[in-house]
**Q** 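Below is one structure. I have some questions about it.
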Amino acid sequence: MDAEQFRAAAHAAIDEIIQYFDTLPSKRVLPDIEPGYLRPLLPSSAPNSPEPWSSIQPDIASKIQPGLTHWQHPNFMAFFPATVTYPSILGELYSAAFTAPAFNWLCSPACTELEIVVLDWLAQALALPECFLSTGPTRGGGVIQGSASESVTTVLVAARERNVRRRAEEEGLVEGTLEWEDRIMELRPRLVALGSDQAHSGTAKGARIAGTRFRSIPTRLEEQFELTGPALRKVLEECERDGLEPFYLTTSMGTTNTCAVDRWAEIKAVLQEKESWRGIWVHIDAAYAGAALVAEEFQHMTPEWAEGIDSFNLNMHKWLLVNFDASCLFVRNHLDLTSALDITPSYLRNPYSETGTVTDYRNWQIPLGRRFRALKIWFVMRAYGLSGMKAHIRQGLTLGEVFSGLVGRRKDLFEIVTRPAFGLTVLRVREDVCMRALKRKINGTTSSSSDEKKKKEEEEEEEEDGTAASSALTKQIYELINARGEIYLTSSVVAGRFVIRVVSANTNAQEKYVRRAFEILVNITEEVLGVERTEEEWKGKGKEEEELRN
Ligand code: PLP
């Protein structure tokens, strides 16, 4: 492809991408294909002769698009959003053009320097404490990673090294000696990473990769699944009894299941109780919800992190208008990263790195090479401005309130399981409604025991049965909603309850789609419950739905 052919192909591709976005609402959010659909549509080996763009491009519409799940579709209300915007796409385009795996500053100074600047901009926009800025007092700063899991694994390795090195140094051992190496290897197997039972699975995976143990700390529905001080203390004491050394803790701002926010004041107070707990690395995983910090109404949270927090990550590629991948990791002291990850063979040496005056991001991450991701963040922050970013977040919050408000108006059918947060509503069908529906379906009878003891036993059984009944029917409803394919939702299980999660926060989200999603939820719920209505009631319902749509 020469320059002229590229110009024509790029124009055609851009036109098609714009058309894709423009026509998204008319598509099905989930693909209607079977596993393995693609192989029969493609040749069994790569073409021997070059093909022109005019024969490659049509395959996007005919072969690829039918197999896409449309994350930018206004009816995509599953997982968390993964936003993309035009300025962000432009950033990707330039990044591809300038391709430079800029692992050292000298490999392409603009890549490193822009990253330092835009991550300081972001830290300021989120009102993070000064310690997370490159200009702050603690050698802090930000680095762009590929994913939150990568961020967590990276800091876990840094925390592990900080712990064992400190202890070897305290014992007077000298790095580079066999005694040092032996002691480090003796200490590692007792290390245990912690996170609440709601922390994202990336922490357990990171611990496995880092070769340490992992223990989870129980949370409770009654406490909104927040990690509390007493729950942390209990697990720390258990670890101590078992001869283990907790060295790392993931806390969450917005857990994946329910968007719970952990209780940092309590957590920090507990970690001060014992000398051996004071050095535990505390990380904040704010992969999704951290984006909300651009809005002033959430910034009251951040002063708490000025002390006692070692690192924080936020995926701009979830809710903050930058396309995948852009996981922004901030650390209080970058020397914790570099002393764990800096391995410098002679071929990576250069006069600038030797002076120590430049940042070599290869020592802040696991891979060596890295993409120029700062460009797309720079473009998005400039093209939207902080005001545009805040408006986008507030729109997602408003849509969340609309949806949870609608659910709240149908208390006869649904229960909101946890406090709606950051645009996310977590719901299930009420237990009593499910029990009645199941009984109707099975034999049409209800309990009529007059014996008090028997009645109590029956009531206890019913409580257990109620949870099971709600889980079974909520699951059936959820599966039917996705099978019909007009909207896409995700589910989870919390405190033994099957729940449906609904969040609508991509750039195409709008109130009318949220209202329609609620209508679908109600209709399918009533269908599954076998709600029977008179003609008059159906007419009333039609009116109600009309009102909801408007
Ligand atoms: N942390 C939280 C709170 C998440 O919700 C998710 C994914 O949704 C992750 C981490 C993992 O994100 P990633 O795919 O960037 O590793």
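Whatever order the structure lists ligands and atoms in, that order sets their numbers, starting from 1.
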**Q** Phe298 and Phe422: aromatic ring centres closer than 6.0 Å?
**A**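 They qualify: ring centres under 6.0 Å apart.
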**Q** Let me know which protein residues bring a heavy atom to under 4.0 Å of ligand 1; chain then number is fine for ordering.
**A** Phe80, Ser147, Ala148, Ser149, His200, Gly254, Thr256, Asp285, Ala287, Asn315, His317, Lys318
**Q** How many angstroms lie between OG1 in Thr228 and CD1 in Ile267, if you round to the nearest 0.5 Å?
**A**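 Spacing of OG1 (Thr228) from CD1 (Ile267) equals 8.0 Å.
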**Q** Are Asp285 and Ser252 linked by a side-chain donor-acceptor pair shorter than 3.5 Å?
**A**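 No.
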**Q** Pick one: which of Lys376, Arg370, Arg373 meets salt bridge (Lys or Arg N to Asp or Glu O under 4.0 Å) with Glu115?
**A**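 Passing option: Arg370.
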**Q** Going by distance alone, is a donor N or O of one side chain under 3.5 Å from an acceptor N or O of the other, for Trp264 and Thr251?
**A** yes
**Q** Using atom types as modelled, flag every donor-acceptor pair under 3.5 Å from a side chain in residues 201-211 to any protein atom, sequence neighbours excluded.
**A**
from	atom 1	to	atom 2	distance (Å)
Thr203	OG1	Thr250	OG1	2.8

